[in-house]
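Shown next, in structure tokens, is the structure this report addresses.
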Amino acid sequence: MNIKTPNTMKKGILLALLCLALFNCYAQQGVYNVLSFKAINNGKALTTAQLQKAINTCAANGGGMVYVPKGDYLTGTLNLRSNVDFHMETGARLIATTDLKQYQKHNSELAGVFYTEKAHNVSITGNGTIFGQGMKMMYIDSAKVIGDKSDTRQKDNFRKVASGNGDGPFYPKDRFHQMVIFSECTKVNLKDFTCIDAPYWTFLVVHCDDVIVDGLRIENNLNIPNSDGLDVISSSNVNISNCYFSCGDDAIVLAGYAWHWGDPGFKRIMKRSENINVNNCILRSRSSGIRIGGWDQNNMYNYNFNNITIFDSNRGINLGIGDYGSMENINFTNINIQTRLHTGDWWGEGDPIKITAMRGMPTGKVGTIKNVTFTNVFCRSENCINMYASEESKLENIFFINLQMEFVKSALEETVGGNLDLRPNTVPHKEIFARDIPAIYVENGRNILFNQVVVSWDKNIDKKHYTNAIEAIKVDNLRLTGVKGSAAPSNPDMADVLLNSCKDFYTDSKLTVKKIGDEK
């Protein structure tokens with residue numbers, strides 16, 4: 001029998017303690033607790049310098065984790081470095097100071113809580129929160145209203161609110177711009193944390209490559225203007241998944257801007273944006289749930305969206321070209337969209353899908369939109385699916401496969417309904433204007449296919465400006481296969497389909513069709 005003596009037992013205990021100490025030392029290697037750098041977590045004292053010191057020390061030692069324990073940390077602009085994971089524990093909050101002198105200026109505007117450029121292998125992770133204090137940067141006593149209403153159906157009563165602020169937006173005070181910025185970075189990881197009340201765009205990822213966004217939550221006040229969720233601009237090889245964004249402006253933006261009105265992070269880099277996937281996300285917006293394009297100089301290719309829910313939004317999916325950049329190969333699969341009319345100065349008019357190619361700049365060529373496919377899409381909307389290209393561009397190869405379009409009556413019909421909003425553009429009388437509204441409208445296109453499509457109308461729709469199931473103008477090669485639909489209940493004797501100056505039309509469906517113009 002092996003009997004341990006007291007000395008042997010003491011040696012064993014000392015050895016175990018030594019091993020435990022070595023283990024703890026090893027476990028903490030590369031972890032930089034911000035409290036060790038005298039960061040203050042009472043939410044009142046500015047602690048930017050201490051947080052930045054932890055980041056700089058971590059980077060100088062080859063990288064690792066900057067660990068932010070539970071507490072409130074008041075901060076101005078922080079700059080992340082290569083090989084640094086900024087990790088916020090559950091209960092940790094970064095609070096954006098309202099003292100604008102604490103924010104760095106890049107280009108001509110102020111950056112927000114994070115400004116990171118030319119970093120590799122950099123991340124923000126954890127279950128913490130970034131609080132933008134955006135409401136303190138707003139005038140909340142009145143809402144912004146549309147300026148020129150002369151082209152609308154309601155004229156001065158357009159989007160009029162009887163009392164209160166309606167759907168906003170508030171007028172902004174001076175504010176910082178994008179709250180979290182990554183510019184010219186590679187291998188970026190944003191995971192699991194929450195952002196609240198950004199006063200401008202919440203995230204800007206620009207000129208970046210190899211980006212993962214997973215499990216983010218954005219809850220901005222819906223009355224804050226310009227409070228986009230995630231803007232991925234002129235970047236490539238990006239995967240966005242499992243996110244919830246509720247924003248006063250576009251929830252997700254993919255675009256090809258080389259420059260954006262002096263905002264931080266833009267470097268006028270000419271490089272196409274490609275290979276971006278968005279999966280399993282829930283989105284709400286006072287403007288667009290998903291927006292692709294705008295004033296783009298860089299071309300956009302290979303964007304894929306799958307399992308997306310868009311609710312309580314002004315626009316659902318918005319594809320727009322206004323400069324010489326073009327977009328191709330865009331796919332939407334398994335999409336649920338619910339949109340409604342809104343008051344206030346928001347872009348959009350309750351359209352579930354909007355696709356436009358029209359001039360947004362005073363000179364130069366206008367790009368094109370080509371190869372866009374919608375598969376398994378359900379829309380419940382207070383306005384039409386809206387596709388328009390001006391004469392100097394075209395919409396080409398736009399396919400809808402298994403689409404349900406349910407057109408419902410709006411509570412704001414009298415003050416908002418019966419108009420289209422094609423903004424942003426610089427085409428006279430084509431911004432917000434009165435027009436007859438079909439369920440699906442397309443003008444200036446080539447190779448437009450509707451396959452297995454059902455159009456239905458709310459039986460209570462009674463305005464005469466609601467018209468056909470489908471209206472097409474100047475479309476070359478329009479195909480309707482397996483399509484079921486009718487004109488609006490307010491116009492029961494109207495044709496299901498109206499064609500104006502279209503060429504090469506085919507349908508196998510039991511639809512009444514009226515042809516006008518120089519149909520051939």
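- The cationic atom of Arg284 (NZ for Lys, CZ for Arg) does not lie both less than 6.0 Å from the six-membered ring centre of Phe245 and within 45° of the ring axis.
- The backbone N or O of Asp228 lies less than 3.5 Å from a partner atom in the side chain of Thr202, making a donor-acceptor pair.
- Using a distance-only test at 3.5 Å, with no hydrogens or angles considered, a donor-acceptor pair links the side chain of Trp346 to the main chain of Asp167.
- A cation-pi geometry, defined here as NZ or CZ lying under 6.0 Å from the six-membered ring centre and within 45° of its normal, does not hold between Arg175 and Tyr200.
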- request: Applying side-chain hydrogen bond (donor to acceptor under 3.5 Å, both in side chains), run through Tyr73 and Asn42 and close with a yes or a no.
  value: CA-CA 7 Å; Tyr73 302 82; Asn42 62 10; over 6 Å; no
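- Atom CG of Leu420 and atom CD of Glu431 lie 13.0 Å apart (nearest 0.5 Å).
- Of the possible polar contacts, one joining the Gln52 side chain to the Asn79 backbone as a donor-acceptor pair under 3.5 Å is found.
- Between the side chain of Ser326 and the backbone N or O of Asn299, no donor-acceptor pair lies under 3.5 Å.
- With hydrogens and angles disregarded, no donor-acceptor distance shorter than 3.5 Å links the side chain of Asn239 to the backbone of Val211.
- If you check the side chains of Lys136 and Gln133, you find a donor sitting under 3.5 Å from an acceptor.
- No more than 12 heavy atoms of other residues, nucleotides or ligands sit less than 6.0 Å from atom NZ of Lys187.
- Residues Ile401 and Gln452 form no side-chain contact, since every pair of their non-hydrogen atoms from C-beta on lies 4.5 Å or further apart.
- Considering every non-hydrogen atom in both Ile233 and Val253, the closest pair reads CD1-CG1, 4.1 Å.
- Using a 4.5 Å heavy-atom cutoff, the side chains of Leu216 and Phe203 are in contact.
- Asn336 is not listed as a side-chain neighbour of Ile310, based on a closest heavy-atom distance of 4.5 Å or more.
- The environment of Lys38 atom NZ is sparse: at most 12 non-hydrogen atoms of other residues, nucleotides or ligands sit within 6.0 angstrom.
- Among Ile355, Ile369, Asn444, the one residue that satisfies the side chain to side chain contact (heavy atoms under 4.5 Å, CB included) test with Met387 is Ile355.
- The main-chain N or O of Glu349 is found under 3.5 Å from a side-chain atom of Asp351 such that the two form a donor-acceptor pair.
- Atom NZ of Lys430 has more than 12 neighbouring heavy atoms from other residues, nucleotides or ligands inside a 6.0 Å radius.
- You'll find the side chain of Thr47 stays beyond 4.5 Å of the side chain of Asn41, heavy atoms only.
- We find that Asp345 and Arg423 are joined by a salt bridge, their nearest charged nitrogen and carboxylate oxygen being less than 4.0 Å apart.
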Exercise for the section: Apply side-chain hydrogen bond (donor to acceptor under 3.5 Å, both in side chains) to the pair Ser183 and His207, showing each step before the final yes or no. Expected result: CA-CA 6 Å; Ser183 176; His207 310 311; 5.5 Å; no
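- At least one donor-acceptor pair under 3.5 Å links the side chain of Ser227 to the backbone N or O of Ile224.
- Within the 4.5 Å cutoff, no side-chain heavy atoms of Val34 are placed close to those of Tyr67.
- In this structure, Lys144 forms no cation-pi arrangement with Phe170, as its terminal cationic atom is not both closer than 6.0 Å to the ring centre and no more than 45° off the ring axis.
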Exercise. Go through the steps to decide whether Asn318 and Lys354 satisfy the test side-chain hydrogen bond (donor to acceptor under 3.5 Å, both in side chains), and finish with yes or no.
Key: CA-CA 5 Å; Asn318 174 16; Lys354 169 187 167 286; 3.1 Å; yes
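- Tested against Asn237 for a side chain to side chain donor-acceptor pair (under 3.5 Å), the candidates Asp210, Asp209, Asn277 yield a single pass: Asp209.
- If you look at Phe86 and Phe114, their ring centroids are closer than 6.0 Å.
- For the 3.5 Å distance criterion, the side chains of Ser273 and Ser234 fail to qualify, holding no donor opposite an acceptor.
- Under a 3.5 Å cut-off, the side chain of Gln404 and the backbone N or O of Phe378 do not form any donor-acceptor pair.
- Between Leu319 and Met300, the closest side-chain pair of non-hydrogen atoms is not below 4.5 Å.
- When Asp250, Asp231, Asp249 are each tested for a salt bridge (Lys or Arg N to Asp or Glu O under 4.0 Å) with Arg291, only one passes: Asp250.
- What you find for Phe266 and Trp259 is that their closest heavy atoms are O-CZ3, 3.2 Å.
- With ring centers used as reference points, Tyr103 lies under 6.0 Å from Phe176.
- No hydrogens or angles considered: nothing links the side chains of Asn221 and Asp197 as a donor-acceptor pair under 3.5 Å.
- A donor-acceptor pair under 3.5 Å is absent between the side-chain atoms of Ser393 and the main chain of Ala389, judged by distance alone.
- With no hydrogens or angles considered, a side-chain donor-acceptor pair links His106 and Gln104 at under 3.5 Å.
- In this structure the side chain of Pro69 reaches within 4.5 angstrom of the side chain of Leu35, judged on heavy atoms.
- Residues Asn275 and Tyr303 have side chains that never bring a donor and an acceptor to within less than 3.5 angstrom of each other.
- Each of Phe400, Phe399, Phe305 was compared with Phe332 under the ring-ring contact (aromatic ring centres under 6.0 Å, His included) criterion, and only Phe305 meets it.
- The heavy-atom pair separating Arg315 from Asp421 by the smallest distance is NH2-O, 2.8 Å.
- Partner of Lys191 under the side chain to side chain donor-acceptor pair (under 3.5 Å) criterion, out of Thr125, Asp214, Asp85, Asn127: Asp214 alone.
- By the 30° and 60° cut-offs, the orientation of the rings of Tyr441 relative to Tyr388 is parallel.
- Ring to ring, His342 and Trp347 are not that close: their centroids are 6.0 angstrom or more apart.
- Using a cutoff of 4.0 Å between basic side-chain nitrogens and carboxylate oxygens, Lys394 and Glu396 are not scored as salt-bridged.
- Annotation for Met405 and Ala439: closest pair CE-O, 3.9 Å, computed over non-hydrogen atoms.
- Applying the side chain to side chain contact (heavy atoms under 4.5 Å, CB included) test between Arg479 and each of Ile448, Leu449, Asn447, Asn451 identifies Leu449 as the sole match.
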Give the intermediate values and the outcome of side-chain hydrogen bond (donor to acceptor under 3.5 Å, both in side chains) for residues Asn280 and Ser241. CA-CA 6 Å; Asn280 306 326; Ser241 57; over 6 Å; no
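- Put simply, the side chain of Asn107 never gets that close to the backbone of Glu109: no donor and acceptor are under 3.5 Å apart.
- Within the 4.5 Å cutoff, the side chain of Glu392 has no heavy atoms near those of the Met358 side chain.
- Residue-environment remark: CD1 (Ile269) exceeds the threshold of 12 foreign heavy atoms within 6.0 Å.
- No more than 12 heavy atoms of other residues, nucleotides or ligands lie within 6.0 Å of CZ in Arg380, so this atom counts as exposed by the packing criterion.
- With hydrogens and angles left out, the side-chain atoms of Arg446 and Asn397 include no donor and acceptor closer than 3.5 Å.
- In this structure, Ala143 and Asn165 approach most closely via the heavy-atom pair N-OD1, 3.4 Å.
- Pairing each heavy atom of Pro352 with each of Asn383, the nearest pair is CD-O, 3.4 Å.
- Screening Ile292, Val238, Asn302 for a side chain to side chain contact (heavy atoms under 4.5 Å, CB included) with Ile276, the sole residue that qualifies is Val238.
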